[in-house]
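Contents: one structure, followed by commentary.
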Amino acid sequence: MNVGLIGYGRLGKLISKYIGRDFNLKIYDQQETEDSSSLEEVLNSQVIILSVPISEIENVIKSIAPHVKENTLIIDTCSVKE
């Protein structure tokens with residue numbers, strides 16, 4: 001199964017460590033690394049994990065929404081704690 005990860009900060013790196021063991025993982029981050037995939041490759045995944053700051057989640061969702069295929073599972077890692 002193809003899994004896409006958008007955001008490669010501390011949590012994204014932790015997620016990739018475990019998800020990458022069992023799935024074909026594609027990673028996209030604004031700051032490219034040698035392991036980065038294009039956003040298009042990530043959006044072609046069957047599962048997309050959003051690991052971006054909560055302040056950016058709305059913008060990211062709006063920008064990827066027109067490109068996400070039907071029946072794609074989108075998971076976000078954001079939480080608000082008080």
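Note: hydrogens, waters and symmetry copies are ignored here, and every other heavy atom, side chains too, is used.
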Ignoring hydrogens and geometry, is there a side-chain-to-backbone donor-acceptor pair from [X] to [Y] under 3.5 Å?
X     : Y     : result
Thr77 : Leu50 : yes
Glu41 : Ser38 : yes
Ser45 : Gly4  : yes

For a quick test of reading the model, state the closest non-hydrogen atom pair linking [X] to [Y] and the distance between them.
X     : Y     : answer
Ile6  : Val52 : O-CG1, 3.7 Å
Gln46 : Asn2  : OE1-N, 2.8 Å
Ser37 : Tyr28 : O-CD1, 3.5 Å

For Glu58 and Lys62: C-alpha separation, side-chain torsions, deciding distance, then whether side-chain contact (heavy atoms from CB on, under 4.5 Å) applies.
CA-CA 6 Å; Glu58 184 176 356; Lys62 285 179 180 178; 3.0 Å; yes

State whether the number of non-hydrogen atoms from other residues, nucleotides or ligands found under 6.0 Å of Arg21 atom CZ is greater than 12.
yes

For side-chain contact (heavy atoms from CB on, under 4.5 Å), just list the numbers for Leu5 and Asp29, CA-CA rounded to whole Å, side-chain angles, deciding distance to a tenth of an Å, and then say yes or no.
CA-CA 8 Å; Leu5 175 64; Asp29 191 83; over 6 Å; no

If you group Ile, Leu, Val, Met, Phe, Trp and Tyr by side-chain heavy-atom gaps below 4.5 Å, do Val3 and Ile74 land in one group?
no

CD1 of Ile49 to CG of Leu11, rounded to nearest 0.5 Å, is 9.5 Å

Residues forming a side-chain contact (heavy atoms from CB on, under 4.5 Å) with Ser63, sequence neighbours excluded
none

